[in-house]
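Contents: one structure, followed by commentary.
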Protein chains: 2
Amino acid sequence: MAHQAPRRNRLNRDRVLRAAVALADQRSDVPTMRTLAQELGVVPMALYKHVANKEDLVDGMIDLVFGEVAFPTGADWKTAMRQRAISMRQALLRHRWAVGLMEARMRPGPADLRHHNAVLACLREAGFSFQTAVHAYSALDSYIYGFALQEKTFPFTTPEESGEAVETMLAMQPPSVAQEYPYLVEVALELGKSGYDYAVEFQVGLDLLLDSIDQLRPQWRSAAS
Amino acid sequence: MAHQAPRRNRLNRDRVLRAAVALADQRSDVPTMRTLAQELGVVPMALYKHVANKEDLVDGMIDLVFGEVAFPTGADWKTAMRQRAISMRQALLRHRWAVGLMEARMRPGPADLRHHNAVLACLREAGFSFQTAVHAYSALDSYIYGFALQEKTFPFTTPEESGEAVETMLAMQPPSVAQEYPYLVEVALELGKSGYDYAVEFQVGLDLLLDSIDQLRPQWRSAAS
DNA sequence: ACCTGAACACCGTTCAAGT
DNA sequence: ACCTGAACACCGTTCAAGT
């Protein structure tokens, strides 16, 4: 009797999680248990042998994303943290569904914990006090996650694309908006011309923050690095 | 024949939106169409006379929140933007369900547009160029939304509360974590003692960013305000 | 040990019908 | 003009049963 379709590899937690991430990437949203099961050629309830429930599934997916983010390394804390921030943004671009879920885990996975430990290690060893390290980390992650949140909504890959999008959006408005929201229209017009480069914009804000954070380090240290 | 329960006020869009916000505040999540209808003593389908669909409902709810955020006003752009940021955080604290939805509107409402226009007005009139005004706005909103996102997950009202929460979380871990994540444990221990004050933390990061942003202003201007 | 089938209590939304 | 009832195509998850 037609034994069970082409005899798939046995399911296990890792295979379930990786399939879930792949599906989420492709539809930019966490898949439902039912579509995930279908993708794996299995009945929905089969998944519950490998994940406790949907939240446990998301926990596992997010830890896979954390595993892709580079630790801050190198002698100079600033460039180390800079590269780490850029690596985080890139991971969030590859996995847009993860934005808004990364920092919301009640049960952080091992990759999550390792990453946070590595970031704190970088800051503490660069001379930041416990308090200022917390300030620095909090400010940087707020910025990174918030930027990713805004980027998620307007997924333009090139400045040209974003410029056009702004221009057509502007063209759709009734003529009254020019009088009601003059500054908004000005920005829209300028952005329509120049385009909006997310990668550049991200680094501008990031560098503003990093420069300020540098001031939090004990000033009696030598200015080297 | 029992006419229709206690003859409620007629439904209209505003009543629907306000009831939705009140329900969302109370369960810290956007209500389902069905529970919202029940709250209004009406069958789910009755709502569709007043909102096009669920997204239209959320659009309306978010615009009510934008209506609560103070415009940046005053002679000094920095204190104006500072107060505006604090007002935004407070609105997001009152309406945690709105975090992650504010900047995701494909159809921004009038309060949303008015607010963005007012913020850009403040920056442009303070002497920022079009480009630097965009940098400043982007960086600040990234920070504000990202901070609110992190705050949403750990809803402690007082530093003491957060200190206790950190301590119990730490106590639940197996002893091995101390060796695997020494820097993480150090921060947890310190935070357990000192507590974590969200309001203070928010302003520290905010001021870091504002100080850096000040450097983006044309330097040939007088340094006054 | 792992997977299945049927069922439960939910969703948002349609359509045609009532008043 | 506004509200209703029944239905459709979805959800996550339970329980008892199969192999």
Side-chain angles (χ1 to χ4, degrees), chain A residues 1-62 97-98 100-101 104-107, chain B residues 1-62 97-98 100-101 104-107:
Chain A
M1 328 261 89
H3 30 20
Q4 178 70 14
R7 195 52 167 140
R8 295 229 174 212
N9 289 341
R10 263 296 188 54
L11 236 48
N12 59 45
R13 185 168 224 265
D14 195 58
R15 262 174 46 78
V16 170
L17 294 180
R18 290 186 189 283
V21 168
L23 253 183
D25 289 347
Q26 148 186 339
R27 57 179 65 198
S28 31
D29 212 355
V30 176
T32 69
M33 297 299 272
R34 292 168 118 105
T35 64
L36 175 57
Q38 193 175 25
E39 178 76 12
L40 289 164
V42 102
V43 94
M45 274 316 297
L47 300 176
Y48 286 82
K49 258 281 93 79
H50 305 99
V51 294
N53 47 37
K54 181 118 194 205
E55 207 195 329
D56 184 37
L57 173 75
V58 175
D59 282 346
M61 294 169 70
I62 290 297
W97 52 270
L101 299 176
R105 296 303 86 199
M106 295 303 326
R107 298 173 189 282
Chain B
M1 331 262 93
H3 32 20
Q4 181 66 17
R7 195 49 168 144
R8 296 228 172 210
N9 290 342
R10 263 296 187 58
L11 236 48
N12 58 44
R13 187 168 222 266
D14 195 58
R15 261 174 45 80
V16 169
L17 293 181
R18 290 187 187 283
V21 169
L23 252 184
D25 289 348
Q26 147 186 339
R27 56 180 65 198
S28 31
D29 212 352
V30 176
T32 68
M33 298 298 273
R34 294 169 118 104
T35 65
L36 175 56
Q38 193 176 24
E39 178 75 12
L40 290 163
V42 102
V43 93
M45 274 316 297
L47 301 176
Y48 285 81
K49 259 279 95 78
H50 305 101
V51 294
N53 47 35
K54 181 120 195 203
E55 209 195 328
D56 184 37
L57 174 74
V58 175
D59 282 344
M61 293 170 71
I62 290 297
W97 53 270
L101 300 176
R105 295 303 87 199
M106 295 301 327
R107 299 174 188 279

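Here is how names work: the chains are called A, B, and so on, in the same order as the sequence lines, proteins then strands, and each is numbered from 1. Note that this is a predicted model, so its numbers are computed, not measured.
Applying the side chain to side chain contact (heavy atoms under 4.5 Å, CB included) test to Ala22(A) and every residue at least two apart in sequence or in another chain returns nothing. Residues passing the side chain to side chain donor-acceptor pair (under 3.5 Å) test with Arg34(A), sequence neighbours excluded: none. Partners of Ser28(B) by side chain to side chain donor-acceptor pair (under 3.5 Å), not counting sequence neighbours: none found.
Proximity of His50(B) to the phosphate of dC3(D): a side-chain N or O atom is located under 4.0 Å from OP1 or OP2.
Leu11(B) has its CG atom 10 Å from the P atom of dC2(D), to the nearest Å. One atom, CG of Leu40(A), and another, C1' of dC3(C), lie 13 Å apart when rounded to the nearest Å. Going from atom CG of Asp56(B) over to atom P of dG12(C) covers 14 Å, rounded to whole Å. Rounded to a whole Å, the CG atom of Leu47(A) is 9 Å from the P atom of dC3(C). Here dC10(D) presents its C1' atom at 13 Å from CD of Gln38(A), a figure rounded to the nearest Å.
Taking every heavy atom of residues 23-32 of chain A and every atom of DNA chain D, pairs under 4.0 Å involve Thr32(A), by number.
Here the side chain of Ala46(B) is nearest to one of dC3(C), dT4(D), dC2(D), namely dT4(D).
For residues 19-32 of chain B, the set of pairs meeting the salt bridge (Lys or Arg N to Asp or Glu O under 4.0 Å) definition, not counting sequence neighbours, is empty.
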(message) Let me check I have this right: for DNA chain C, each base becomes ., (, ), [, ] or |, based on Watson-Crick or G-U pairs with both distances under 3.5 Å. What is the full string?
(response) ||.|||||...|||||.||
(message) One character per nucleotide, please: for nucleotides 13-19 of chain D, 5' to 3', B when the base has a protein heavy atom closer than 4.0 Å, S when only the sugar-phosphate does, - otherwise.
(response) BBB----
Going by atom type alone, with no hydrogens or angles, which donor-acceptor pairs under 3.5 Å involve a side-chain atom of residues 50-58 of chain B and a protein atom two or more places apart or on another chain?
unit_1: His50(B); atom_1: NE2; unit_2: Leu11(B); atom_2: O; d: 3.3
unit_1: Asn53(B); atom_1: OD1; unit_2: Glu55(B); atom_2: N; d: 3.3
unit_1: Asn53(B); atom_1: OD1; unit_2: Asp56(B); atom_2: N; d: 3.0
unit_1: Lys54(B); atom_1: NZ; unit_2: Pro31(B); atom_2: O; d: 3.0
unit_1: Asp56(B); atom_1: OD1; unit_2: Arg13(B); atom_2: NH2; d: 2.6
unit_1: Asp56(B); atom_1: OD2; unit_2: Arg13(B); atom_2: NH2; d: 2.6
unit_1: Asp56(B); atom_1: OD2; unit_2: Ala52(B); atom_2: N; d: 2.8

(request) Might you work through the side chain to side chain contact (heavy atoms under 4.5 Å, CB included) test for Leu36(A) and Val42(A), ending with a clear yes or no? (result) CA-CA 9 Å; Leu36(A) 175 57; Val42(A) 102; over 6 Å; no
